[in-house]
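Following: one structure in structure tokens, then a few remarks.
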Amino acid sequence: MKKNTLVAMASIASLCFLMPSCSTNYFDQERYESIIDEVFPVDIIDKDHDWNLLRNITAVVDLTKAPPVNFVVNIYDKHPFDPSACKLATGSVNREGLLTFNVPKDKKYGELYATVDDGTLCVAQGYFPVDNDVVRISAGDEITALTPSEASSPEYTFCFEETFPEPGDFDYNDCVMGVTMTKSPKVLNGKGNFIDFTVRLRAVGGSKTIASAMRLAGVSKSDVVDTVAIINKSWDFFKYAVDYLEDPMGKVKTAMNGDAVIYLFNDAHYALNGGRLDETGTMVPHYTINTKAEKLMPEWESATPVSTTYRVSFKDEFVFNNFTFKDIDLFVITGYNMSYYETHIHSYVGVNVLNNYPCNIDYLPWALLVPDKFVYPNEGVCICKYTKDLNYFEGAYQMGSYSFGAWAKDHNNSKACAWYHYPIESEVYPAN
């Protein structure tokens, strides 16, 4: 929290908000929501908003004309020779099967490119039509030469406000992480079905100690191998920070509901600043990093984003095949009122993964999942501001019918769900 509204803070405090030291619960939900609503920069909100920018596509795969062995199905948004092609899905199928994957809600596909092979034999490749978010892929009688591809999986961006459950400035740069998910089936690697989750820490605009973990929603701890292979590690977990998390020592941890959890770091500033401490050698300087292009103050720093890849091996092939980006519950942990709070994207608001904490508002987002290498707002610039009295947009994403505000007003607005493609360049941090 950099520039929280002091009136709002004082008002929340006066409500004895969630204070375990209070013998009587004076918390007023209606007043709390009123305060948050007043601070949120868009004053007309679709209360049914799911803040979701992804949709599901199902691949129906028919390999009954192919040999009865496991084949790998790869699905691309365009021909893999295209340098801008992205790999959307990977899965293992024998004879017949279904694969579920996610695409950006604003992207409309009439067809998708797919290949089906086992590393030696290619039994299908080419464009297959998409109808009502279903793509049907079938193998013919002929074996063809496989088209080589270097297309990579897309990077999506998780953006957080550090202040939950208090209001923030809603610039969504307090912690910014890009995530790429790459599947490797046993058919090709000969070892096992595993997913590489590459987490790229891009910015830390908050002043609090921020820890982070990633729950694999719907994946039981028993569905995966206990040990995580950490590849290309670029940060130290930093066990000496506030004890939000214990050092996992390369182990998969367990959520309260039994899901698998990967601990990422205990202090985002330490992770991004290269492990630097202050002049005393004991504290992590919590300056904002990569949120302000002009260095007008010493508290604004810049750093090269850092990445770490976590390889998770799956025991269950069905779970591996159907794990999608929507199942990544990447969240941050911060302190508030002598308790630990988890900030999740809207799909998982209120889920207590590692800590018991109350959730008192579920229609406004403190975190966003953007299906792109999102260029986030500059320090202190709200993502979008809209006031019905003035009836115009301001902020980093203010492009009228293509603005964040227009999307916030109506989650079914098919035009506005593309808002993240239309930044005001002077109001966003340069792409990193």
Side-chain angles (χ1 to χ4, degrees), residues 57-59 61 63 66-67 69-77 80 85-95 97-103 112-125 135 137 139 146-156 178-200 214-234 250-252 259-262 264 307-330 371:
I57 290 184
T58 300
V61 184
L63 306 182
V69 298
N70 281 349
F71 285 92
V72 173
V73 180
N74 285 312
I75 302 174
Y76 307 87
D77 62 346
C86 282
K87 184 184 290 188
L88 300 177
T90 297
S92 180
V93 175
N94 187 325
R95 309 302 282 167
L98 302 176
L99 298 177
T100 302
F101 57 99
N102 306 136
V103 297
L112 293 170
Y113 197 95
T115 61
V116 182
D117 74 287
D118 66 356
T120 302
L121 300 177
C122 178
V123 296
Q125 64 179 330
V135 55
I137 301 168
L146 177 64
T147 299
S149 170
E150 295 184 359
S152 59
S153 302
E155 179 180 286
Y156 290 175
V179 178
T180 302
M181 181 178 72
T182 305
K183 291 186 175 182
S184 182
K186 182 179 180 180
V187 179
L188 298 185
N189 64 46
K191 299 176 182 178
N193 296 315
F194 61 79
I195 300 179
D196 285 347
F197 298 94
T198 298
V199 180
R200 194 166 68 95
M214 178 173 61
R215 179 176 68 106
L216 309 184
V219 178
S220 169
K221 173 73 157 46
S222 62
D223 290 332
V224 299
V225 174
D226 285 343
T227 303
V228 179
I230 301 178
I231 304 169
N232 303 321
K233 185 177 180 181
S234 296
K251 297 293 184 181
V252 177
D259 283 353
V261 181
I262 313 300
L264 304 184
S307 301
T308 296
T309 299
Y310 302 85
R311 177 167 295 174
V312 181
S313 297
F314 284 67
K315 299 176 184 178
D316 187 303
E317 186 167 80
F318 177 84
V319 175
F320 167 80
N321 274 347
N322 291 282
F323 188 89
T324 71
F325 233 101
K326 279 187 177 180
D327 302 316
I328 298 177
D329 179 15
L330 182 68

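Just the heavy atoms: all of them, side chains too, but no hydrogens, waters or symmetry mates, feed the values below. Along the sequence shown, residues are numbered consecutively beginning with 1. Note that the coordinates shown come from a computational prediction; the quantities given were computed from them, not determined experimentally.
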Ignoring hydrogens, what is the shortest heavy-atom contact between [X] and [Y]? Give both atom names and the distance.
X: Asp77; Y: Cys86; result: OD1-N, 2.8 Å
X: Ala66; Y: Phe71; result: CB-CE1, 4.0 Å
X: Phe194; Y: Phe320; result: O-CE1, 3.4 Å
X: Ala59; Y: Ile137; result: CB-CD1, 4.3 Å
X: Asn322; Y: Asp327; result: O-OD2, 3.7 Å
X: Leu88; Y: Phe101; result: O-CB, 3.8 Å

Do [X] and [Y] make a side-chain contact, defined as non-hydrogen atoms from C-beta onward lying under 4.5 Å apart?
X: Lys87; Y: Ser149; answer: no
X: Val252; Y: Val225; answer: no
X: Val261; Y: Lys221; answer: no
X: Lys251; Y: Thr227; answer: yes
X: Leu146; Y: Thr115; answer: yes
X: Phe197; Y: Ile262; answer: no
X: Val219; Y: Asp316; answer: no
X: Asp196; Y: Ser184; answer: no

Would you confirm whether [X], through its side chain, and [Y], through its main-chain N or O, come within 3.5 Å as a donor-acceptor pair?
X: Asp259; Y: Arg215; answer: no
X: Ser153; Y: Met181; answer: yes
X: Asn102; Y: Lys326; answer: yes
X: Asn232; Y: Thr309; answer: no
X: Thr308; Y: Ser234; answer: yes
X: Lys183; Y: Asn321; answer: yes
X: Asn193; Y: Lys186; answer: yes

Starting at [atom1] of [X], measure out to [atom2] of [Y] and round the result to the nearest 0.5 Å.
X: Asp117; Y: Gln125; atom1: CG; atom2: CD; answer: 9.0 Å
X: Tyr113; Y: Ile75; atom1: OH; atom2: CD1; answer: 13.0 Å
X: Ile328; Y: Leu216; atom1: CD1; atom2: CG; answer: 7.5 Å
X: Asp223; Y: Glu317; atom1: CG; atom2: CD; answer: 13.0 Å
X: Ser313; Y: Asp226; atom1: OG; atom2: CG; answer: 11.0 Å
X: Leu99; Y: Phe323; atom1: CG; atom2: CZ; answer: 14.5 Å

* Which is it for Val123 and Asp118 under the side chain to side chain contact (heavy atoms under 4.5 Å, CB included) test, yes or no, and what are the steps along the way? -> CA-CA 9 Å; Val123 296; Asp118 66 356; over 6 Å; no
* Asked: Checking side chain to side chain contact (heavy atoms under 4.5 Å, CB included) for the pair Val179/Tyr156: CA distance, chi angles, key distance, verdict?
  -> CA-CA 5 Å; Val179 178; Tyr156 290 175; 5.6 Å; no
